[in-house]
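So you know, we letter chains A, B, ... as the sequences are listed, proteins then strands, and number each from 1.
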2 protein chains.
Amino acid sequence: MTERKKRPTLQDVADRVGVTKMTVSRYLKKPEQVSAPLRARIQQALDALGYIPNKVPDILSSSRSQAIGLLVPSLTNQVFAELIRGVESVTEPAGYQTMLAHYGYSPQAEEARIATLLGYSVDGLILSESVHTERVRRMIETAGVPVVEVMDSVSPAIEQAIGFDNEAASFAMTERMIERGHRRIVYFAARMDARTRLKIHGYERAMRAHGLEPRSLRTERASSFTRGALLLGQALERWPELDGVFCTNDDLAIGALFECQRRGIAVPDRIGIAGFHGHDIAAVVVPRLATVITPREEMGRRAADSLLRRLRGEPAGPPVVTLPFRIDEGGSLRPAS
Amino acid sequence: MTERKKRPTLQDVADRVGVTKMTVSRYLKKPEQVSAPLRARIQQALDALGYIPNKVPDILSSSRSQAIGLLVPSLTNQVFAELIRGVESVTEPAGYQTMLAHYGYSPQAEEARIATLLGYSVDGLILSESVHTERVRRMIETAGVPVVEVMDSVSPAIEQAIGFDNEAASFAMTERMIERGHRRIVYFAARMDARTRLKIHGYERAMRAHGLEPRSLRTERASSFTRGALLLGQALERWPELDGVFCTNDDLAIGALFECQRRGIAVPDRIGIAGFHGHDIAAVVVPRLATVITPREEMGRRAADSLLRRLRGEPAGPPVVTLPFRIDEGGSLRPAS
DNA sequence: GCCTGCCCGGTTACCCGTAACATACTACCC
DNA sequence: GGGTAGTATGTTACGGGTAACCGGGCAGGC
């Protein structure tokens, strides 16, 4: 059991058939160029030895891996699961492998992941961030691989950004809450990344535009249902008269919603609650959660599409693509009068 | 912009310094073997060119990639996110790269993913399934890489299984529901994989042991909150007198719980609800969800640990490791009398 | 002065699949 | 029968980092 068996190579298969490995390689890639009798014998040898194709030598000599790297900050966040699905719906049919890496919202970790991916010779990168270390920009530049950034359409892109306008989305939802009669609205933020800052800015701009005072509660911890519940408690202590909560994502919002239930606070009569992203769960809680529905899967599709297009040598398209978002009021805001 | 700059190699760096690439390679791996003045000049050249280490040639010549493959059926499922975290908490400090692949519960897709990973010369594999195609077993055998299977501790393992007893866990929760006074309990299952079958079996065994009639509702669709809500509707139509629902995972259970809220059905008085896995959300819904808390992260840690150990040539340990589960009654079962 | 040993850098070969080119052989035409 | 085209296989070289081995120069001991 401990004798290490070397995995079979093309040469092993070739020896067994009595041809050169080139012929076997041809059979695998362009079978019609190999005579019928040989085809049968080669296939037999492949089966007998259990040959597993080895991409490494080809990557080495061609410097092309037929793989792209996809970086997401987190895997537990539903948003990125849907982004991944979008990317793979394009890369897979095209015969490209997607290498997934996550970096826990840390720019340093992102840098390390990118270095690793480039070490495997990925042909292109999709990043979920618009803020990067200087070394990231340099690496991408010297590696000469195409890059697309997703999730945001505001910050200046390395090459191309495909996303939506976080600031505008946040502004729009805040206005909607105000229209529905909510006034003393508190913003719940978790991790303070660039996108969160944009969203807070949108919220504050909308509040001020209506002569209202913005108030926000921030935590450095990761967002979660539990965290949303905790934040609601803190907010009520600090601003007992609050009548609206706008959360940076659905997790916090759902947590806040449950905490209201637990405390017997009527939603939306006493407090209106809104989330961000529009996940499955927003549609099933009672009352349904008001949320901003963002084009997560579409961003993935578009980004992958643009990347593959460029790998085929086609032009990159516009440097910024802004996809639309949509507001779903659910049942957690006061009804329109 | 369109001139493709080739990414710098060790040779380029060496030329710039006036040494051979071997010396540069040494500097990167064992700097103490290079004289101090050269060290400085090499570092300068590395910075100037922005050299990015290339793992591919080394993988080719050593057949070792310092990477392991981790296969999970789904990324949207919280369970696997935690499994991944457990694996990486071990592989990362050890300097191993984790290559993630998902296969949507399809054995054929699993086979394809494994072939791809082996094509990149991963040094070992962690699989989340105990049922595999014949070709999967053969590939792993001929590739000669160590494998660990997680999530289940019952089915015969390829080499080693680290998991928990799905059947026993399901049996235990069913008994608990019965103890709490629920009798006409319906089982909600989604995708019919091997683990689901084990869980159903545990449920049925417990029901029969108490002279109760097992009833289950199955759907081939993926489980989700929405699906849980739908199943509850169907179940009530078919068995209006049901007083308990045991779901194959928390998502379905939460969906069912909300549907009860929507219909004004009292939980747990009229209907008791239990889920499986013990995610974050189970603890925040009102009432808290009864659920089986499974050792997701620990399975990942143990599996990675065992795999790395074997890669260092140490013995594999027992072929089956059964980790404990725990039942959390939450508030969605009737109180103990 | 010569040998020993160390330090530090260079040389060589290897991993394996495939692009590009070369060659053998057949068939067919005028 | 010589030329041409086409088909089927072989030959060669390449990619880039590193293990294993080699060798020059210098210090220190006797």
Checklist line | A:Arg39 CZ to D:dT7 P, straight-line distance once rounded to whole Å | finding: 13 Å
Margin query: If the cut-off is 4.0 Å, is A:Thr9 near the phosphate of C:dC16, judged by side-chain N/O to OP1 or OP2?
Written below: no
Check: Start at the 5' end of DNA chain C and walk down; is the nucleotide closest to B:Ser35 or to B:Ser62 reached first?
Finding: B:Ser35
Checklist line | Rounded distance in Å - CD1 (B:Ile59) to P (D:dG17) | finding: 12 Å
Check: Between atom CG of B:Asn54 and atom CD1 of B:Ile59, what is the distance when rounded to the nearest 0.5 Å?
Finding: 8.5 Å
Checklist line | Residue whose nearest DNA chain D nucleotide is more 5′ - A:Gln33 or A:Lys21 | finding: A:Gln33
Notebook entry, point to check: With a non-hydrogen cut-off below 4.0 angstrom, is B:Val56 in contact with a base, only sugar-phosphate, or nothing?
Noted result: nothing
Check: Roughly how many Å is it from CG in B:Asp15 to P in D:dG17, rounded to a whole number?
Finding: 12 Å
Check: Can you check whether A:Ser61 has a side-chain N or O nearer than 4.0 Å to OP1 or OP2 of C:dA19?
Finding: no
Checklist line | Atom pair distance, as rounded to whole Å: CE in A:Met22 and C1' in D:dT11 | finding: 10 Å
Notebook entry, point to check: When all nucleic acid strands are considered with a 4.0 Å heavy-atom cut-off, which category describes A:Tyr51: base, sugar-phosphate, or nothing?
Noted result: sugar-phosphate
Margin query: Tell me whether the count of non-hydrogen atoms from other residues, nucleotides or ligands lying under 6.0 Å of CZ in B:Arg135 goes above 12.
Written below: no
Notebook entry, point to check: Hey, is the main chain of B:Arg85 close enough, under 3.5 Å, to the side chain of B:Glu297 for a donor-acceptor pair?
Noted result: no
Check: For the pair made of OH in A:Tyr120 and P in D:dG17, what is the distance, rounded to whole Å?
Finding: 15 Å
Checklist line | Closest nucleotide among D:dA19, C:dG17, D:dT11 to the A:Asn54 side chain | finding: C:dG17
Item checked: Single hit among A:Ile140, A:Val136, A:Ile68, A:Ile158 for side-chain contact (heavy atoms from CB on, under 4.5 Å) with A:Leu125 -> A:Ile140
Check: Picking from C:dC15, D:dT18, D:dT9, which would you name as closest to the side chain of A:Arg26?
Finding: D:dT9
Next item on the list: Round to the nearest Å and state the distance from A:Glu32 atom CD to D:dT9 atom C1'.
Entry: 15 Å
Next item on the list: Mind checking B:Thr20 for me? I need base, sugar-phosphate or nothing, with any heavy atom below 4.0 Å counting as a touch.
Entry: base
Item checked: Separation of C:dA19 P from A:Leu28 CG (nearest whole Å) -> 12 Å
Checklist line | Selection from C:dG17, C:dG10, D:dG10 that lies nearest to any side-chain heavy atom of A:Pro57 | finding: C:dG17
Note to self: When you measure from the side chain of B:Arg302 to the backbone of B:Ile162, do you find a donor-acceptor pair of N or O atoms at a distance under 3.5 Å?
What the structure shows: no
Margin query: So B:Lys55, base contact, sugar-phosphate only, or nothing? Heavy-atom distance under 4.0 Å.
Written below: nothing
Checklist line | Distance in angstrom units between A:Leu60 CG and D:dG15 C1', rounded | finding: 4 Å
